[in-house]
Structure formats: C-alpha cells, structure tokens
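What follows is a short report on a single structure.
Predicted model only: the values in this text are computed from it and were never measured.
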Amino acid sequence: AALSRRYVLCEVVSEDPRCRQCIEDRAVGLAVREAVGRVHGDYGLACCSVSFTVKYLNAYTGTVLLRCRKDSYRLLCSALPFVRQLESRTQRYPCFLNTLHVGGTIRTCQKFLIQYNRRQLLMLLQNCTNEEERRCIQKSLLSCSLAEEQSQSGDEEDDDGTE
C-alpha cells in the first residue's frame with residue numbers, strides 16, 4: 001500500500017517585489033524546515049522531514065505545493081505561519097506563507113487552485129477601471145482549465161519510492 005500523504009497548497013505573500021526572484025525549492029524547503037524546528041523542536045522536525053518535499057513551485061504566481069506524510073501534516077501546517085522570510089544568496093526577503101488548501105492528492109489541489117484563481121480573477125474583473133484591463137482579465141478567466149494544468153497522465157501518486 002502507498003504511504004498516505006497530504007499536499008499543502010500555499011502562496012508566498014511579500015511586500016518586496018524582489019522576493020519573487022528567490023522563490024525556489026531549496027529556499028522554501030529550508031524556510032519551512034526552520035520554522036518547524038523553531039515551533040516543534042527536533043521531534044517535530046524529524047516527524048515532518050520524513051516525506052517532506054516541495055512538490056511544485058511557481059515563482060511567477062508565488063504558488064507552492066508541499067508534500068508531507070498524512071500523520072504529520074498538522075505539525076507542518078501549524079508551523080507555516082512562522083515562516084517569516086526566504087533567503088537567497090545571502091539576501092533575506094520578508095514574506096509569509098498563506099495556506100490555501102490541504103488535499104490528499106495533487107489533483108485535488110490543482111482543482112482547488114483553478115477555482116481559487118478564477119475567483120481572484122473575478123474579483124479583479126469587478127474592480128476594473130477600463131475596458132482594456134477588463135478584456136485582459138476576461139481572457140485570463142477563459143484560459144483557466146484543468147486540461148492546461150494537467151501535464152502528466154493524472155497519476156499523482158507516481159512519486160512513491162523516490163525518497
């Protein structure tokens with residue numbers, strides 16, 4: 001039987017526009033592990049580290065998908081609010097991780113993200129000031145589809161045994 005896992009979908013929120021440049025797997029992974037260690041100590045860090053990995057990352061949108069074991073996802077989630085910065089090449093960028101969704105598969109997280117992005121775009125659409133802005137956002141809304149997001153065959157558990 002496959003190990004039960006949880007996927008935690010987050011967004012990196014920062015006032016500093018340069019923060020986007022340093023959103024990379026390693027920096028996010030280190031920041032999360034450091035926060036878990038601070039909040040839950042060595043025991044919590046050991047529990048969370050077993051199957052923990054940054055599964056997906058989009059620096060442009062600030063979207064991050066973390067994977068952990070099902071029995072330690074609460075430890076992980078409770079430490080995420082304590083991530084205060086990302087470090088890259090000795091530069092530190094203040095930011096925080098906003099947890100959007102916790103799912104059992106990558107696919108459920110993708111579906112949630114598409115709906116979430118659609119809602120965000122609709123809010124932008126309502127706040128448009130001119131017709132050009134409105135057209136651009138409507139075009140983005142129409143491009144929200146699962147078919148574009150799903151590049152693999154749909155096997156989200158195909159990563160077993162990679163650790």
Side-chain angles (χ1 to χ4, degrees), residues 1-16 19-20 22-88 93-124 140-141 143-163:
L3 250 175
S4 276
R5 301 221 167 100
R6 284 294 170 261
Y7 296 89
V8 183
L9 185 66
C10 306
E11 66 179 342
V12 178
V13 182
S14 179
E15 298 285 312
D16 191 339
C19 183
R20 292 244 186 266
C22 76
I23 301 175
E24 53 192 31
D25 297 31
R26 212 181 122 278
V28 173
L30 282 170
V32 170
R33 281 189 180 92
E34 199 263 324
V36 171
R38 256 186 301 138
V39 176
H40 298 295
D42 292 341
Y43 174 76
L45 186 57
C47 288
C48 287
S49 292
V50 173
S51 186
F52 173 78
T53 186
V54 178
K55 219 37 208 158
Y56 169 80
L57 190 137
N58 185 328
Y60 182 71
T61 60
T63 307
V64 176
L65 186 65
L66 307 172
R67 185 192 73 195
C68 64
R69 286 195 11 216
K70 184 180 178 179
D71 58 10
S72 61
Y73 86 92
R74 284 188 183 89
L75 280 174
L76 179 75
C77 288
S78 65
L80 291 179
F82 296 93
V83 172
R84 297 190 194 110
Q85 64 188 19
L86 288 179
E87 208 168 316
S88 178
Y93 301 98
C95 67
F96 68 91
L97 292 179
N98 181 22
T99 303
L100 301 175
H101 181 74
V102 177
T105 64
I106 292 175
R107 190 164 176 83
T108 58
C109 291
Q110 282 179 320
K111 285 180 176 176
F112 173 85
L113 188 59
I114 289 164
Q115 289 307 112
Y116 175 77
N117 286 340
R118 195 172 274 151
R119 284 193 303 272
Q120 297 294 96
L121 286 166
L122 280 169
M123 284 193 313
L124 284 173
S140 295
L141 265 170
S143 71
C144 284
S145 76
L146 192 59
E148 285 180 26
E149 294 288 320
Q150 193 70 14
S151 56
Q152 296 112 347
S153 62
D155 286 334
E156 57 273 340
E157 305 300 18
D158 62 354
D159 50 44
D160 282 328
T162 54
E163 274 94 299

Is [Y] close to [X] at the side-chain level, that is, under 4.5 Å between some pair of heavy atoms?
X	Y	value
Ser49	Arg33	yes
Leu57	Leu65	no
Thr61	Asn117	no
Thr63	Leu100	no
Cys77	Arg74	no
Gln120	Tyr116	yes

Practice problem: Show your reasoning for whether side chain to side chain donor-acceptor pair (under 3.5 Å) applies to Gln115 and Arg118. | Solution: CA-CA 5 Å; Gln115 289 307 112; Arg118 195 172 274 151; 3.0 Å; yes
Quiz item: Got a sec: does the CZ of Arg26 have more than 12 other heavy atoms crowding it under 6.0 Å?
Solution: no
Quiz item: Do the side chain of Thr105 and the main chain of Thr108 share a donor and acceptor less than 3.5 angstrom apart?
Solution: yes
Taking all non-hydrogen atoms of both residues, which atom of [X] and which atom of [Y] are closest, and how far apart?
X	Y	result
Asn58	Tyr60	OD1-N, 2.9 Å
Leu86	Cys95	CG-SG, 3.7 Å
Ala79	Ala35	O-CB, 3.6 Å
Ser72	Cys47	OG-O, 3.5 Å

First locate atom [atom1] of [X], then atom [atom2] of [Y], and finally report the distance between them rounded to the nearest 0.5 Å.
X	Y	atom1	atom2	value
Asp16	Tyr93	CG	OH	6.5 Å
Tyr7	Thr53	OH	OG1	10.0 Å
Leu76	Ser78	CG	OG	8.0 Å
Glu24	Glu87	CD	CD	11.0 Å
Lys70	Arg6	NZ	CZ	4.5 Å
Tyr73	Cys48	OH	SG	12.5 Å

Exercise. Would you please test Leu80 and Leu66 for side-chain contact (heavy atoms from CB on, under 4.5 Å) and show each step?
Key: CA-CA 11 Å; Leu80 291 179; Leu66 307 172; 4.0 Å; yes
Practice problem: Establish, yes or no, whether the cationic atom of Arg119 lies under 6.0 Å from the six-membered ring centre of Phe112 and within 45° of the ring axis. | Solution: yes
Practice problem: Go through Val36 and Phe52 one step at a time and tell me if the side-chain contact (heavy atoms from CB on, under 4.5 Å) criterion holds. | Solution: CA-CA 11 Å; Val36 171; Phe52 173 78; over 6 Å; no
Practice problem: Would you kindly say whether Arg5 and Ser51 are connected by a side-chain donor-acceptor distance under 3.5 Å? | Solution: yes
Practice problem: Apply side-chain contact (heavy atoms from CB on, under 4.5 Å) to Val32 and Leu97, showing your working. | Solution: CA-CA 9 Å; Val32 170; Leu97 292 179; 3.9 Å; yes
Quiz item: Lys55 and side-chain contact (heavy atoms from CB on, under 4.5 Å): which partner among Ile106, Val8, Leu9?
Solution: Ile106
